[in-house]
Protein chains: 2
Amino acid sequence: MGSEIRRSMPVLPISIVMQLTDLTARQIRYYEEHNLVQPHRTEGNRRMFSLNDVDVLLEIKTMLERGTNMAGIKKVFAMKKRADTDGKKEISDRELRRIMREEMLQARSMQKTSIRQGNLSRFY
Amino acid sequence: MGSEIRRSMPVLPISIVMQLTDLTARQIRYYEEHNLVQPHRTEGNRRMFSLNDVDVLLEIKTMLERGTNMAGIKKVFAMKKRADTDGKKEISDRELRRIMREEMLQARSMQKTSIRQGNLSRFY
DNA sequence: TTTTCATGTTAGAAAACCTAACATCTTGTT
DNA sequence: AACAAGATGTTAGGTTTTCTAACATGAAAA
């Protein structure tokens, strides 16, 4: 539904995102460098984030805390995107199994993490 | 519901509120001067608005466009607050009738205004 | 023990925001 | 018509926030 629009509107300055995610500006910019988020830019070049961006950042945070590194995180996100775009395609079996294992680990840890899951339901 | 929390979180800088409401910074600050909105302030004294604040600003805008002045708007808001807090109380009859007339006018014009009503459903 | 990875820190510049004051344009009054 | 009041525009000078880029560091991998 149209709630996609709201969640993708770039309205949050980095300072607020820092508070919402408990990440430093350095971390947020670093993840952007790795193309994990692509905040909008104002005319004056200031980053503006959407709620979806915040969600992504929280997911990244959780995975990093679980020990996953940038490379792994990138793959997970690439997966998600692919599973979303295509209806699933040519993915090497080994890779698929590794990813699934990761996703399941994430899912499990989600239940215990209680406060830092990959969504903002606690704020909304 | 907890969606009250989300809508009252001060996360929007004035520049974004300007876009969302199509008001100038001058106008927004002027309405604040009249205590119609009370944005949160960062440590560095920057205003931060909530979605509720944006709603209020849109209501103000509509009423002003309809010709209601600050004084009238203040009363309408005072009414709403009172009707919310108390269960309705001692209000002079003339005043009550005047206010009701205004509210009805607002309600009617709402139907035609189409895009600038006092809510953000178009964004969400 | 070297690299590599993720993050900290700092410097200098630019953008966004702030308050305060004065200007302007309507509109209602006298 | 002249005036007072209300709402908004504009400007100036100052402060906060954000940006990029570079270099530093601690921990883990190789």
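Below, read A as the first sequence line, B as the second, and so on, with proteins coming before strands; counting in each chain starts at 1.
By the 4.5 Å heavy-atom criterion applied to side chains, B:Leu51 and B:Arg6 are not counted as neighbours.
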Quiz prompt | side-chain contact (heavy atoms from CB on, under 4.5 Å) assessment of B:Lys61 paired with B:Thr21 | solution = CA-CA 8 Å; B:Lys61 182 174 186 179; B:Thr21 60; 5.5 Å; no
Self-check item: Residue pair B:Phe77, B:Ile60: steps toward the side-chain contact (heavy atoms from CB on, under 4.5 Å) verdict
Solution: CA-CA 10 Å; B:Phe77 279 112; B:Ile60 294 171; 3.8 Å; yes
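A:Glu59 has a carboxylate O that lies under 4.0 Å from a charged side-chain N of A:Lys80, or vice versa, which qualifies the two as a salt bridge.
Rounding to whole angstrom units, CD1 of residue A:Ile60 and P of C:dC5 are separated by 17 Å. Residue A:Leu23 contributes atom CG, which lies 9 Å from atom P of C:dG8 at whole-angstrom precision. A straight line from CD of A:Glu65 to C1' of C:dC5 spans 17 Å, rounded to a whole angstrom. The distance from atom CD of A:Glu33 to atom C1' of C:dA6 is 11 Å, rounded to the nearest whole Å. For B:His34 and D:dA7, the NE2 to C1' distance is 8 Å, given to the nearest whole Å. As rounded to whole Å, 13 Å separates atom P of D:dG6 from atom CD1 of B:Ile73.
Of all the heavy atoms in B:Leu36 and B:Met70, the pair that sits closest is CD1-SD, 4.0 Å. Here the shortest heavy-atom pairing between A:Val17 and A:Leu57 reads CG1-CD1, 3.5 Å. Here the shortest heavy-atom pairing between A:Pro13 and B:Val11 reads CD-O, 3.6 Å.
Side-chain atoms of A:Gln27 lie closest to C:dT7 of the nucleotides D:dT8, C:dT7, C:dA6.
The salt bridge (charged side-chain N to carboxylate O under 4.0 Å, His left out) check on B:Arg46 picks up nothing, with sequence neighbours excluded. For A:Arg41, the salt bridge (charged side-chain N to carboxylate O under 4.0 Å, His left out) test picks out A:Glu32, with sequence neighbours left out. In this structure B:His34 satisfies the ring-ring contact (aromatic ring centres under 6.0 Å, His included) test together with B:Tyr30, sequence neighbours excluded.
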Between the protein and nucleotides 25-30 of chain D, which nitrogen or oxygen pairs are less than 3.5 angstrom apart?
none

Hey, what are the protein-to-nucleotides 18-27 of chain C N/O distances that come in under 3.5 Å?
from   : atom 1 : to      : atom 2 : distance (Å)
C:dC18 : OP1    : B:Arg47 : N      : 2.9
C:dC18 : OP1    : B:Arg47 : NE     : 2.9
C:dC18 : OP2    : B:Arg29 : NE     : 3.3
C:dC18 : OP2    : B:Arg29 : NH2    : 3.0
C:dC18 : O3'    : B:Asn45 : ND2    : 3.3
C:dT19 : OP1    : B:Arg41 : NH1    : 3.2
C:dT19 : OP1    : B:Arg41 : NH2    : 3.2
C:dT19 : OP2    : B:Arg47 : NH2    : 2.3

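Each of A:Pro13 and B:Tyr31 lies near DNA chain D, and the nucleotide nearest B:Tyr31 is the one positioned closer to the 5' end. Between B:Asn69 and A:Met18, it is B:Asn69 whose nearest contact on DNA chain D lies nearer the 5' terminus.
Between A:Tyr30 and the phosphate of C:dA6, there is a side-chain N or O to OP1/OP2 separation shorter than 4.0 Å. An OP1 or OP2 oxygen of C:dA15 is reached within less than 4.0 angstrom by no side-chain nitrogen or oxygen of A:Thr42.
Not a single donor-acceptor pair under 3.5 Å links the side chain of B:Asp55 to the backbone N or O of B:Asn52.
When base pairs are accepted only as Watson-Crick or G-U wobble with both N-N or N-O distances under 3.5 Å, DNA chain D takes part in stems of 3 or more pairs at C:1-30 with D:1-30.
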